[in-house]
Amino acid sequence: MLANGAFAQTTMSEALKSMPDSLMAYLTHNNRLDCIDFCEANMKAEVRNAFDGKSELVQLTSNYALFRLNDASTLELCLLDADNSQVICMIQTYGTDMRESVISFFTTSWQQLPTRQFLSEAYDGYGAQYDPDQMVLTLESNNYLSRPAMEEQIEEKKVQIKLKWSRREFK
């Protein structure tokens, strides 16, 4: 904490540089550094990943990063201002037609935090996407367990939930 009560701000680039390789198996530390360099040079930030495919850093701002790891997997990192610190929200999304996400939270030194501290409910079976401009987490239900077995049955509508960051939690 700084003398005036403020805290030292971390940028997304700094967070990516210090991120443990175990949290993003697709990209090595050097891959992430290359992606950051390419983005900062306004170049396409595509690299050959650890699985011999291509991954791309699609968007990088001071508080947000979006990676397309492969055709069916994305990773979003959101740097959120909390009351006296910053929190990193990681959204790992899998699938193409039916997307499912895993949402995790970390300190800026990459210590995992309890998800329930920032999301009051478990959203298993939901696809998630973060809007860095509005600071809104959009969750959309998947209907793959309740799909109609016959044409005469009515398919359930997807449920969409929007949660805004409040400096303490998404609500």
Side-chain angles (χ1 to χ4, degrees), residues 1-47 49 54-70 73-95 99-123 126-140 160-171:
M1 183 150 335
L2 303 175
N4 63 1
F7 58 92
Q9 294 276 66
T10 298
T11 66
M12 184 54 68
S13 291
E14 291 167 347
L16 284 170
K17 290 173 186 176
S18 67
M19 181 183 200
D21 288 347
S22 61
L23 292 177
M24 194 185 324
Y26 264 84
L27 299 177
T28 65
H29 180 72
N30 286 336
N31 286 151
R32 289 194 307 274
L33 293 178
D34 286 344
C35 284
I36 293 166
D37 289 344
F38 293 153
C39 269
E40 290 174 350
N42 293 319
M43 297 169 55
K44 185 174 184 174
E46 188 175 81
V47 295
N49 63 42
K54 290 183 180 177
S55 294
E56 180 181 3
L57 177 54
V58 178
Q59 184 177 354
L60 177 65
T61 67
S62 62
N63 62 358
Y64 179 76
L66 170 62
F67 286 90
R68 184 174 20 275
L69 299 175
N70 63 33
S73 179
T74 60
L75 181 116
E76 291 180 90
L77 296 167
C78 320
L79 194 54
L80 305 168
D81 288 334
D83 285 335
N84 295 317
S85 62
Q86 289 176 298
V87 174
I88 297 169
C89 175
M90 177 189 288
I91 305 165
Q92 298 168 288
T93 303
Y94 308 96
R99 298 167 46 86
E100 188 162 342
S101 299
V102 176
I103 303 171
S104 308
F105 293 89
F106 300 87
T107 66
T108 54
S109 58
W110 294 102
Q111 300 301 310
Q112 189 156 9
L113 298 166
T115 301
R116 291 277 187 183
Q117 183 178 339
F118 304 100
L119 279 173
S120 58
E121 295 181 38
Y123 291 101
Y126 281 76
Q129 187 170 359
Y130 182 72
D131 179 340
D133 296 325
Q134 301 296 315
M135 296 192 324
V136 170
L137 180 65
T138 302
L139 301 155
E140 191 170 279
Q160 192 176 78
I161 300 166
K162 292 189 180 274
L163 303 171
K164 182 131 175 98
W165 180 248
S166 71
R167 294 188 71 86
R168 285 197 180 114
E169 65 180 336
F170 282 106
K171 58 181 184 172

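It should be emphasised that the depicted structure is a prediction, and the values quoted were computed from it without experimental measurement. Position 1 is the first residue of the sequence, and the numbers go up from there.
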For this session: Could you walk me through whether Met90 and Phe106 pass the side chain to side chain contact (heavy atoms under 4.5 Å, CB included) test, one step at a time?
Result: CA-CA 8 Å; Met90 177 189 288; Phe106 300 87; 4.0 Å; yes
Please determine whether side chain to side chain contact (heavy atoms under 4.5 Å, CB included) holds for the pair Thr93 and Glu100, giving the CA-CA distance in whole Å, both sets of side-chain angles, and the decisive distance to 0.1 Å.
CA-CA 6 Å; Thr93 303; Glu100 188 162 342; over 6 Å; no
Q. For Thr74 and Val58, what are the C-alpha separation, side-chain angles and deciding distance, and is it a side chain to side chain contact (heavy atoms under 4.5 Å, CB included)?
A. CA-CA 10 Å; Thr74 60; Val58 178; over 6 Å; no
Note to self: Test side chain to side chain contact (heavy atoms under 4.5 Å, CB included) on Ile103 and Cys89; report intermediate values, then the result.
What the structure shows: CA-CA 7 Å; Ile103 303 171; Cys89 175; 3.8 Å; yes
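Trp165 contributes a side-chain N or O that, together with a main-chain N or O of Asp81, makes up a donor-acceptor pair within less than 3.5 Å. No side-chain donor-acceptor contact under 3.5 Å links Arg32 to the backbone of Met24. Side-chain atoms of Arg167 come within 3.5 Å of backbone atoms of Ala82 as a donor-acceptor pair (strictly under, hydrogens ignored). Checking side-chain atoms of Ser101 against main-chain N and O of Gly127 turns up no donor-acceptor pair under 3.5 Å. Formation of a donor-acceptor pair under 3.5 Å by the Glu76 side chain with backbone atoms of Tyr130 is found in this model. Within the 3.5 Å criterion, the main-chain N or O of Asp34 finds no donor-acceptor partner in the side chain of Asp37. Between the Glu140 side chain and the Ile161 main chain, no donor and acceptor come within less than 3.5 Å of each other. In this structure, the side chain of Ser166 does not engage the main chain of Phe170 through any donor-acceptor pair within 3.5 Å.
At a threshold of 4.5 Å between non-hydrogen side-chain atoms, the residues Leu80 and Asn63 do not count as touching. With contacts defined as side-chain heavy-atom distances shorter than 4.5 Å, the pair Leu75/Tyr26 does not qualify. In this structure, the side chains of Arg168 and Asp83 come closer than 4.5 Å at one or more pairs of heavy atoms. Between Leu163 and Leu139, some side-chain heavy-atom pair lies under the 4.5 Å cut-off. Contact of the Lys54 side chain with the Asn49 side chain is not registered, since no non-hydrogen atoms from C-beta on lie closer than 4.5 Å. When side chains are defined from C-beta on, Thr107 does not count as touching Val87, because their heavy atoms never get closer than 4.5 Å.
When only modelled atom types and interatomic distance are considered, Thr28 and Asn30 share no side-chain donor-acceptor pair under 3.5 Å. Donor-acceptor pairing under 3.5 Å is recorded for the side chains of Gln86 and Gln9. With no hydrogens or angles considered, no side-chain donor-acceptor pair links Thr11 and Ser13 at under 3.5 Å.
For the residue pair Ala15 and Trp110, the shortest heavy atom distance occurs at O-NE1, 3.1 Å. Taking every heavy atom of both residues into account, Thr10 and Leu79 meet most closely at O-CD2, 2.8 Å. The nearest pair of heavy atoms linking Thr115 to Ser104 is OG1-CA, 4.2 Å. Residues Leu57 and Ile36 approach most closely at CD2-N, 4.2 Å, considering heavy atoms.
Within 6.0 Å of the NZ atom in Lys17, the count of heavy atoms belonging to other residues, nucleotides or ligands exceeds 12. For Lys164, the NZ atom sits in a packed shell: over 12 heavy atoms of surrounding residues, nucleotides or ligands are nearer than 6.0 Å.
Here the CG atom belonging to Leu137 is positioned 7.5 Å from the SG atom belonging to Cys78, to the nearest 0.5 angstrom. Going from atom CD1 of Ile88 over to atom CD of Gln111 covers 11.0 Å, rounded to the nearest 0.5 Å. A distance of 12.0 Å separates CZ in Phe67 from CD in Gln92, rounded to the nearest 0.5 Å. To the nearest 0.5 Å, atom CG of residue Leu77 and atom OH of residue Tyr64 are 9.0 Å apart. The line from CG of Leu66 to CG of Leu60 is 10.5 Å long, rounded to the nearest 0.5 Å. Rounding to the nearest 0.5 Å gives a distance of 11.0 Å between SG of Cys35 and CE of Met43.
A salt bridge does not link Asp131 to Lys162: none of the charged nitrogens lies less than 4.0 Å from a carboxylate oxygen.
In this structure, Tyr126 and Tyr123 have perpendicular ring planes: the angle between them is above 60°, well past the 30° mark.
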